[in-house]
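Some notes on the structure that comes next.
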Amino acid sequence: MTRIRAQNLLVKFCCTLLFSLQLVLHVQGDYCSTTLARKSCPNLPTVDSIDLGTYTGKWYEIGGTANFRNLYEAGSTCPEVEYSKGEKEGEIKVENRDFLSARVGTIASVAGISGSSFSVCQSARAVCSQVSNGDSLLREGISKVWKLKSNIEDSYSSEASSISTAASKIESAANEISPKLDTLAKYVSQIQVANSVVSQTDGKADKSAVVELVKSNISLATEQVKSVDSSYKVMSEAQLDLIKVAESLFKRGFDGVGPSITLTDAATEVLAGITDVKVQIAAITAALEATKKAADFVLEDKSEVFYNVSKVLGSAVQNPKEGGKLNVSIGLSPDSNYWILAVNGESSSYNAALVYSCSEVLTGGIDETVWILSRTPELDDETMMSFINKASSLGIDQDCDAPFVKAVRTSNCPA
Ligand SMILES: *[C@@H]1O[C@H](CO)[C@@H](O)[C@H](O)[C@H]1NC(C)=O
Ligand SMILES: *[C@@H]1O[C@H](CO)[C@@H](O)[C@H](O)[C@H]1NC(C)=O
Ligand SMILES: *[C@@H]1O[C@H](CO)[C@@H](O)[C@H](O)[C@H]1NC(C)=O
């Protein structure tokens, strides 16, 4: 009886969630342009009039960004948090509680899929910076090739025309890549959405249908990477054509030597750029293979299911000047920022909150997380969507590995 109810809830959860996801995706821009715009953590406007005393008490986590939920909270359902008055002024104590109900091996797989999704998005970002940044090796190399072509047009017209053909091929292949990465990022989002359902499905329940959704999205993502690879191959072949033109210029004797050397240099820069693309394609392919293995493992997982409440303690300190900005330290994780971006309700009783955290990533860009908290176990869709849209309007990352996913609460949640 309980099991059936839980499954019905999951079905309901799944569809509301996908609906929200689509709304979210529509307001986001192209993957390359959004990810490249995120260079360092932004200074977002916070609710500085927040009254910490009013903010304390119990909150239910309605949902959060998938990169956080599926990694740090893999296997957790019914997440909630209790804030209480700390020892000092401007300090609160934090107790995070989750109900773990997945198999131990599945918890590792969910976290692994999330980690690999993150790697895919980071590698895709690196490709973006080759194909979309004007000052990348690839783009700079191509512009040098064009410049040389116009310099030699009069003296070496046939070489100039071969250069033009090759450079156009490289350019149009490079231009194809960013829309392909945008599609790839959307499949990664879908992988993470389905992964969050795997994460929150009871360990003893059948997960084959949802694992199938994870896997079919991995296949689509893999196809997309192959398509990026075919654009790479076009660039690689055209780069060889440039080298051949350089040889032909060289053979034409003394006058051709100068242009030959210049073209070789420019083509070498192009090669460095496209080699970087190739390296990233290999990394994405490997990460997607890892996600596939992890998804397959979920189906075979016979490890134990614990029904444990997991508690993590910590504390948070309010910034004396900007009250909506707190620093939080929880369990063993490094200190991070905890910013209150919005609250709903009167100053005497906040009933929902939008919370944000951000850290810079070593390989470039930033890792942003949002949570929606509510005083009640359910939050109406309108309030939830208004918070999600607020996050989008502030430019907060919700694409690729970071779509917003809802937290599951079932009748098994401890009271
Ligand atoms: C991809 O995953 C989503 C859920 O995240 C699902 O709705 C969709 O059907 C999946 N795509 C395929 C082709 O299975
Ligand atoms: C869950 O509880 C069981 C039994 O009390 C314990 O052995 C196990 O270590 C716990 N697991 C986790 C992940 O906390
Ligand atoms: C929070 O952390 C930042 C960065 O480490 C620091 O500049 C700031 O003073 C801290 N604020 C509080 C209230 O501890």
Side-chain angles (χ1 to χ4, degrees), residues 6-28 31 62-71 73-77 102 106-107 109-121 124 179-202 205-228 284-285 287-299 369-370 372 381 384-385 388 391-392 397-408:
Q7 273 172 356
N8 282 344
L9 271 172
L10 262 180
V11 169
K12 227 168 90 187
F13 154 74
C14 144
C15 302
T16 326
L17 187 76
L18 293 181
F19 174 64
S20 331
L21 179 75
Q22 260 157 17
L23 284 180
V24 174
L25 288 177
H26 280 161
V27 294
Q28 299 276 319
Y31 180 67
I62 296 302
T65 319
N67 57 353
F68 186 89
R69 288 282 298 145
N70 293 347
L71 189 63
E73 298 179 344
S76 104
T77 55
T106 300
I107 293 177
S109 293
V110 166
I113 291 172
S114 189
S116 298
S117 299
F118 173 79
S119 306
V120 171
C121 301
K180 287 178 182 178
L181 294 174
D182 189 49
T183 307
L184 172 67
K186 290 195 167 59
Y187 292 133
V188 175
S189 285
Q190 303 278 26
I191 292 169
Q192 280 283 61
V193 168
N195 189 27
S196 126
V197 180
V198 174
S199 172
Q200 303 184 85
T201 302
D202 187 293
D206 177 19
K207 283 177 284 292
S208 50
V210 61
V211 169
E212 199 40 56
L213 295 184
V214 175
K215 287 181 66 181
S216 49
N217 279 292
I218 294 172
S219 302
L220 292 169
T222 306
E223 285 309 307
Q224 205 57 31
V225 179
K226 285 190 184 142
S227 167
V228 174
I284 296 174
T285 306
L288 287 174
E289 266 161 27
T291 59
K292 187 166 175 296
K293 285 211 181 96
D296 282 331
F297 181 76
V298 171
L299 298 177
T369 308
V370 293
I372 293 177
D381 280 356
M384 187 178 80
M385 283 317 296
I388 292 175
S392 298
D397 182 13
Q398 293 172 64
D399 53 11
C400 211
D401 66 326
F404 182 85
V405 290
K406 279 185 81 175
V408 170

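Everything numeric in this text was worked out from a predicted model, so none of it was measured. One-based numbering, in listed order, for ligands and for the atoms of each.
Contact annotation for Val214 and ligand 1: no heavy atom of the residue comes within less than 4.0 Å of the ligand.
Comparing Ser216, Ser219, Ala194 by heavy-atom distance to atom 14 (O) of ligand 1, the nearest is Ser216. The option with the heavy atom closest to atom 4 (C) of ligand 1, from among Gln192, Lys186, Gln190, is Gln190.
Side-chain atoms of Gln200 do not come within 3.5 Å of backbone N or O of Thr77 as any donor-acceptor pair. Side-chain atoms of Ser227 never come within 3.5 Å of backbone atoms of Glu223 as a donor-acceptor pair (strictly under, hydrogens ignored).
With sequence neighbours excluded, the residues forming a side-chain contact (heavy atoms from CB on, under 4.5 Å) with Thr285 are Val225, Ile281, Glu289, listed by chain and number.
Distances below 4.0 Å separate heavy atoms of Leu213 from the following atoms of ligand 1: 1 (C), 9 (O), 14 (O). Near Val193, meaning under 4.0 Å from one of its heavy atoms, ligand 1 places the atoms 5 (O). Atoms of ligand 1 found under 4.0 Å from any heavy atom of Leu220, numbered from 1 in the order shown, are 13 (C).
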Subject >> Worked check of side-chain hydrogen bond (donor to acceptor under 3.5 Å, both in side chains) between Ser208 and Asp206 >> reply: CA-CA 6 Å; Ser208 50; Asp206 177 19; 2.9 Å; yes
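Atom-to-atom distance recorded for Leu181:CG and Ile284:CD1 is 6.5 Å, nearest 0.5 angstrom.
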